[in-house]
Amino acid sequence: MTPIVDMHQIRKSYGVGTPVVTEVLHGIDLCIQEGDFAALTGPSGSGKSTLLNLIGLLEPPTSGQLQVGGRDTAGLDDAAITALRGRSIGFIFQFHHLLPGFTALENVMMPAIIDSGWPTAKAQAAALRLLDQVGLKDAAHKRPSQLSGGMQQRVAVARALALSPRLILADEPTGNLDTRSANDIFELLQSVNQTQQSACLIVTHDPALASRCARQIQMVDGQLLAAGSAPAFKG
Ligand SMILES: Nc1ncnc2c1ncn2[C@@H]1O[C@H](COP(=O)(O)OP(=O)(O)O)[C@@H](O)[C@H]1O
Ligand SMILES: [Mg+2]
């Protein structure tokens with residue numbers, strides 16, 4: 001089975017081309033399979049967000065090989081990267097990043113319209129189904145400021161699901177929430193993983209949530225501990 005993500009000896013440095021080059025990822029091997037439900041844990045500053053940004057094709061690695069959805073990402077131009085990201089990956093961040101001037105419904109419609117050019121009616125119908133799935137059908141016409149933190153984050157989950165991604169990258173999605181809302185978001189991701197087989201990679205500082213994931217990946221100082229290592233890279 002082709003993994004969704006296959007990284008081999010990935011390094012990332014910041015400040016390349018300046019006098020101060022800092023390598024923050026030191027040769028990462030990681031394989032994420034269809035349907036994985038994995039926690040990524042590690043101290044602050046260890047490189048978790050950087051790793052997610054690379055997997056999510058928001059930034060290129062400095063060296064190493066990265067395949068997403070069976071495609072080698074080296075040499076792809078911006079348009080190809082955007083297209084690959086759009087059909088493969090949904091993002092959820094610690095802060096919801098919803099657009100404040102738009103309703104929940106409009107926020108969830110946005111990826112389908114902007115990234116995939118869906119007609120408005122199709123995007124709206126899909127967004128309403130997603131809001132229903134996250135338990136927010138009645139809040140469709142509210143703006144983010146009219147919703148609680150937990151509800152805002154559920155809208156962000158619905159938005160991440162808009163293009164049926166094979167992988168959901170969640171960077172401390174519950175870090176800003178009370179325990180109960182955090183649990184709701186976690187269970188929502190679990191149900192998406194089980195019903196839609198979307199793989200999830202979830203950065204969390206909460207050991208209780210991490211232990212409820214099927215797989216634990218630990219990062220220390222820009223390296224993964226052995227359990228996160230990948231099988232041999234098929235290049
Ligand atoms: N854009 C950047 N420029 C320079 N250094 C960065 C940048 N982004 C992250 N870093 C550094 O990389 C290291 C890893 O950061 P990060 O991936 O955010 O860690 P984590 O998410 O585990 O807290 C930190 O030392 C951080 O300061
Ligand atoms: Mg981080």
Side-chain angles (χ1 to χ4, degrees), residues 4-32 36-68 73-74 76 78 81-82 85 88-98 149-150 152-153 156-157 159-160 165 167-179 181-183 185-186 188-189 199-213 215-230:
I4 303 174
V5 174
D6 203 353
M7 325 184 96
H8 181 64
Q9 281 302 301
I10 287 288
R11 292 175 183 272
K12 178 68 180 178
S13 297
Y14 288 110
V16 174
T18 73
V20 187
V21 178
T22 316
E23 188 176 271
V24 298
L25 297 179
H26 311 298
I28 305 273
D29 292 330
L30 177 66
C31 213
I32 297 173
D36 265 358
F37 194 71
L40 175 60
T41 58
S44 195
S46 57
K48 304 179 298 297
S49 294
T50 303
L51 182 66
L52 258 63
N53 290 344
L54 298 193
I55 294 173
L57 307 174
L58 296 176
E59 300 180 53
T62 308
S63 66
Q65 290 160 291
L66 171 60
Q67 290 188 350
V68 174
T73 58
L76 294 182
D78 283 353
I81 289 280
T82 302
R85 184 196 304 125
S88 309
I89 292 167
F91 281 98
I92 304 161
F93 300 97
Q94 179 172 3
F95 300 99
H96 54 75
H97 294 304
L98 299 173
Q152 291 169 348
Q153 199 61 314
V157 173
R159 182 185 53 182
L167 172 63
I168 295 168
L169 297 173
D171 198 351
E172 304 192 39
T174 65
N176 196 35
L177 300 178
D178 62 80
T179 309
S181 305
N183 193 58
I185 292 292
F186 185 82
L188 184 56
L189 291 174
C200 295
L201 179 59
I202 305 168
V203 176
T204 180
H205 285 292
D206 182 339
L209 291 185
S211 71
R212 288 163 67 189
C213 292
R215 180 178 173 194
Q216 280 82 31
I217 301 168
Q218 286 171 281
M219 177 164 268
V220 178
D221 289 341
Q223 289 183 304
L224 297 185
L225 298 189
S229 300

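Atoms within a ligand are numbered from 1 in the order they appear, just like the ligands themselves. Values reported hereafter were calculated over all heavy atoms of this structure, with side chains retained and with hydrogens, waters and symmetry mates removed. Small disclaimer: the values here were computed from a predicted structure and weren't measured.
Looking only at protein heavy atoms, the nearest one to atom 5 (N) of ligand 1 is Tyr14 CD1, 3.4 Å. Annotation: atom 14 (C) of ligand 1 to nearest protein heavy atom, Gly45 O, 3.3 Å. For atom 16 (P) of ligand 1, the closest non-hydrogen atom of the protein is Thr50 OG1, 3.7 Å. Closest to atom 18 (O) of ligand 1, if we only count protein heavy atoms, is Ser49 CB, 3.7 Å.
At a heavy-atom distance under 4.0 Å, only side-chain atoms of Val24, from C-beta outward, approach ligand 1.
Between atom CG of residue Asn183 and atom CG of residue Asp206 there is a gap of 9.5 Å, rounded to the nearest 0.5 Å. Rounding to the nearest 0.5 angstrom, the gap separating the CD atom in Gln153 from the CG atom in Leu188 is 10.0 Å.
Within the structure, ligand 1 has Pro43 among the residues with a heavy atom less than 4.0 angstrom away. For the ligand labelled ligand 1, residue Gly47 lies inside the 4.0 Å heavy-atom shell.
Of the possible donor and acceptor atoms, one in the side chain of Thr73 sits under 3.5 Å from a partner among the backbone N and O of Leu66. Gln216 contributes a side-chain N or O that, together with a main-chain N or O of Ala210, makes up a donor-acceptor pair within less than 3.5 Å. Of the possible polar contacts, one joining the Lys48 side chain to the Pro43 backbone as a donor-acceptor pair under 3.5 Å is found. No side-chain donor-acceptor contact under 3.5 Å links Arg11 to the backbone of Gly64.
Ser44 lies apart from the Mg ion (ligand 2) in this respect, since none of its N, O or S atoms is found at a distance under 2.8 Å.
Within 6.0 Å of the CG atom in Asp221, the count of heavy atoms belonging to other residues, nucleotides or ligands does not exceed 12.
Within a 4.0 Å radius of atom 26 (C) of ligand 1, the protein contributes no heavy atom.
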